[in-house]
Number of protein chains: 2
Amino acid sequence: MKSIESSPLTRKLSAFVALSEVELAVLQRLHQRRKSFAAGRDLVHQGQSEQSAYILAAGWAVSYKIQPDGSRQIVDFQIPGDFLGLRSVLLHTSDHGIEPIVDIQAAEVFVSDLLEAFAQTPRLATAILWAVSRDEAMVVEHLVGMGRRDADARMAHFLLELGARLSLVGMGSRAGYACPLTQYHLADALGLSAVHVNRVLRKLREDRLVTFRNGLVTIENYEGLVELADFDPAYLDQTGPLLK
Amino acid sequence: MKSIESSPLTRKLSAFVALSEVELAVLQRLHQRRKSFAAGRDLVHQGQSEQSAYILAAGWAVSYKIQPDGSRQIVDFQIPGDFLGLRSVLLHTSDHGIEPIVDIQAAEVFVSDLLEAFAQTPRLATAILWAVSRDEAMVVEHLVGMGRRDADARMAHFLLELGARLSLVGMGSRAGYACPLTQYHLADALGLSAVHVNRVLRKLREDRLVTFRNGLVTIENYEGLVELADFDPAYLDQTGPLLK
DNA sequence: CGGTATGTTGAGCCACATCAAAATGCGTGG
DNA sequence: CCACGCATTTTGATGTGGCTCAACATACCG
């Protein structure tokens with residue numbers, strides 16, 4: 001039972017629905033077929049039609065799209081408890097690539113497993129629909145940032161969102177978190193040049209808001225950052241299970 | 001039976017799963033509680049926690065976020081067969097507003113209806129998960145456009161995507177489609193100023209690619225547009241049912 | 001037939017890109 | 001323990017796509 005509760009996905013979903021023993025067991029069964037992948041080697045290639053999805057158990061991954069001109073847009077970063085490639089499976093086409101940023105552990109999930117799980121407990125289907133919706137909400141926030149926030153606010157928002165997500169799975173706090181991303185990652189995620197990312201980070205550091213250095217994000221002034229970013233974590237936090 | 005098949009949502013989902021009689025009936029039941037809403041009056045307010053979602057039956061709607069500085073970012077436009085506010089219901093918080101662009105007809109759906117439907121046919125849950133994933137894929141494309149495409153390509157991509165979506169529900173073709181959007185809508189969707197949208201449209205018109213005028217989009221050079229936009233409709237089209 | 005929403009065009013400016021180069025850190029093999 | 005190579009970070013100089021401000025044109029609507 002302890003091991004069941006410790007899965008990051010279970011933790012995440014439990015914030016949404018109060019899961020029964022049976023549902024926890026079904027969820028746990030999805031975590032069989034544990035695999036390891038090395039950093040930097042694509043897990044899903046852009047363009048290929050993929051047959052299975054994964055649940056990230058440990059490590060960080062990035063999903064991105066390469067443009068024909070060679071530039072890269074990072075769509076999102078995945079942390080433990082997140083699905084990898086679920087969209088690719090459902091749409092039966094991978095419009096994006098997924099690459100482990102560090103060495104990762106992930107559980108392989110077939111569509112058939114999902115269907116089976118849904119048949120056993122429809123509430124789990126709803127819970128996963130919730131998780132997918134939450135992912136979409138993050139992409140939407142990301143989109144809004146690109147369209148209507150300047151570089152400083154974009155960066156601030158990004159660092160805060162990441163912090164909130166990590167906190168939910170016990171990997172961070174308001175004071176900061178460990179973060180293996182490079183400034184190139186930030187640039188490709190935020191639609192900026194790496195050069196400009198560096199200047200923005202310097203500014204945030206000089207303004208004593210946040211420091212991004214040596215794989216460590218240190219938040220010096222949480223309220224200040226929230227204000228600069230206009231950050232509202234409503235879509236990430238759940239105040240309690242919505243479905244009894 | 002004829003009336004069942006004619007629902008735009010049914011049409012869309014049928015492209016993904018071959019639905020049985022039972023599933024069609026369950027889907028049809030979700031379309032009870034038909035309501036009308038007037039153009040311009042918010043259906044969902046940003047910030048309120050909403051209790052029900054809708055399936056759009058006729059007309060166009062827009063989902064958007066207002067920033068504290070008053071600027072607006074349009075996340076997506078909804079056309080018949082699309083869900084309205086499903087994410088708000090699942091996340092139990094509305095991070096965005098939804099406004100009918102013209103007078104619309106929509107069927108109200110409660111969470112409980114969905115849960116019930118899922119319990120009856122898990123395949124329907126998968127189908128709806130597909131629809132949500134497809135929405136997410138569109139937002140992702142939108143995101144990529146904002147981050148890594150210039151204004152011309154962004155506009156071209158947008159017009160092509162919209163055309164493809166409309167074609168799927170029988171409201172457009174490669175030659176063009178009717179479109180009630182203003183240049184302000186385009187500006188807020190694409191993260192541009194209305195002034196610049198106007199200039200971009202002029203350029204596309206002068207280059208004999210596409211004309212946007214009087215609520216009518218006329219595509220004069222489909223291939224040219226596809227090339228400019230780097231448009232790949234894989235994520236919108238389904239070549240056939242994926243789930244037998 | 002005036003009012004309000006939308007579309008069109010010009011002038012000037014700024015946030016961020018690009019190009020270039022140096023500084024720093026770090027893993028690896030000798 | 002050093003030296004080399006490579007990835008990453010940092011800083012400066014210069015260019016530009018798209019913004020803002022300001023008019024005016026057009027179309028629809030009661």
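Predicted model only: the values in this text are computed from it and were never measured. Hydrogens, waters and symmetry mates are skipped; everything else that's a heavy atom, side chains included, is used. Note on naming: letters A, B, ... go to the chains in the order of the sequence lines (proteins, then strands), and numbering restarts at 1 for each one.
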Next on the checklist: Listing request: all salt bridge (Lys or Arg N to Asp or Glu O under 4.0 Å) pairs with a residue in residues 144-157 of chain B, at least two apart in sequence or in separate chains.
Outcome noted: A:D188-B:R148, B:E141-B:R149, B:D152-B:K203

Item to check | Residue pairs fulfilling salt bridge (Lys or Arg N to Asp or Glu O under 4.0 Å) with at least one residue in residues 34-49 of chain A, sequence neighbours excluded | outcome: A:K35-A:E108

When you compare the protein's N or O atoms with those of nucleotides 25-27 of chain D, which come within less than 3.5 Å of each other, and at what distance?
none

Checklist entry - So, A:F77 versus A:Y64, ring centres under 6.0 angstrom or not? => result no

Checklist entry - Which residues within residues 141-155 of chain B lie with some heavy atom under 4.0 Å of an atom in DNA chain D? => result B:D150, B:A151

Next on the checklist: Using 30° and 60° as the class boundaries, would you call the ring planes of A:Y235 and A:H157 parallel, tilted or perpendicular?
Outcome noted: parallel

For [X] and [N], what is the distance between atoms [atom1] and [atom2] respectively, to the nearest whole Å?
X: B:L186; N: D:dG18; atom1: CG; atom2: C1'; value: 16 Å
X: B:I101; N: C:dT6; atom1: CD1; atom2: P; value: 11 Å
X: B:L201; N: C:dT9; atom1: CG; atom2: C1'; value: 14 Å
X: A:K203; N: C:dA15; atom1: NZ; atom2: C1'; value: 12 Å
X: B:Y184; N: C:dG7; atom1: OH; atom2: P; value: 8 Å
X: B:F212; N: C:dT6; atom1: CZ; atom2: C1'; value: 11 Å
X: A:R202; N: C:dC16; atom1: CZ; atom2: C1'; value: 15 Å

Next on the checklist: One character per nucleotide, please: for nucleotides 18-28 of chain C, 5' to 3', B when the base has a protein heavy atom closer than 4.0 Å, S when only the sugar-phosphate does, - otherwise.
Outcome noted: BB---------

Sequence-distant partners of [X], salt bridge (charged side-chain N to carboxylate O under 4.0 Å, His left out), two or more places apart:
X: A:E227; answer: none
X: B:R213; answer: none
X: A:D76; answer: A:R165
X: A:E99; answer: none

Checklist entry - Just by distance, with hydrogens left out, do B:Q46 and B:S94 show a side-chain donor and acceptor under 3.5 Å apart? => result no

Next on the checklist: Between A:L56 and A:F37, is the side chain to side chain contact (heavy atoms under 4.5 Å, CB included) condition met? List the steps.
Outcome noted: CA-CA 11 Å; A:L56 186 53; A:F37 301 91; over 6 Å; no

Checklist entry - From A:L159 CG over to A:L225 CG, what is the distance, rounded to the nearest 0.5 angstrom? => result 7.0 Å

Next on the checklist: Before you tell me yes or no, could you show the steps for B:D230 and A:Q67 under side chain to side chain contact (heavy atoms under 4.5 Å, CB included), namely the whole-Å CA-CA distance, both residues' side-chain angles and the distance that decides it to 0.1 Å?
Outcome noted: CA-CA 8 Å; B:D230 175 43; A:Q67 294 297 102; 4.1 Å; yes

Checklist outcome for this item: Computed from five pairs at either end and rounded to 10 degrees, the angle between the axes of the helix from C:dC1-D:dG30 to C:dG30-D:dC1 is 50°

Would you please confirm or rule out a distance under 4.0 Å between OP1 or OP2 of [N] and any side-chain N or O of [X]?
X: A:Q183; N: D:dT10; value: yes
X: A:R213; N: D:dT8; value: no
X: B:N198; N: C:dT8; value: yes

Checklist outcome for this item: Applied to residues 194-223 of chain B, the ring-ring contact (aromatic ring centres under 6.0 Å, His included) test, sequence neighbours excluded, yields none

Next on the checklist: Students often get this wrong, so: under 4.0 angstrom with heavy atoms, is B:G215 touching a base, only sugar-phosphate, or nothing?
Outcome noted: nothing

Checklist entry - Hey, does A:L192 reach any base, or is it just sugar-phosphate, or nothing, if we go heavy atoms under 4.0 Å? => result sugar-phosphate

Next on the checklist: Holding to side-chain contact (heavy atoms from CB on, under 4.5 Å), I want the full list of residues that pass it with B:A164, two or more places apart in sequence or in another chain.
Outcome noted: B:F231, B:L236

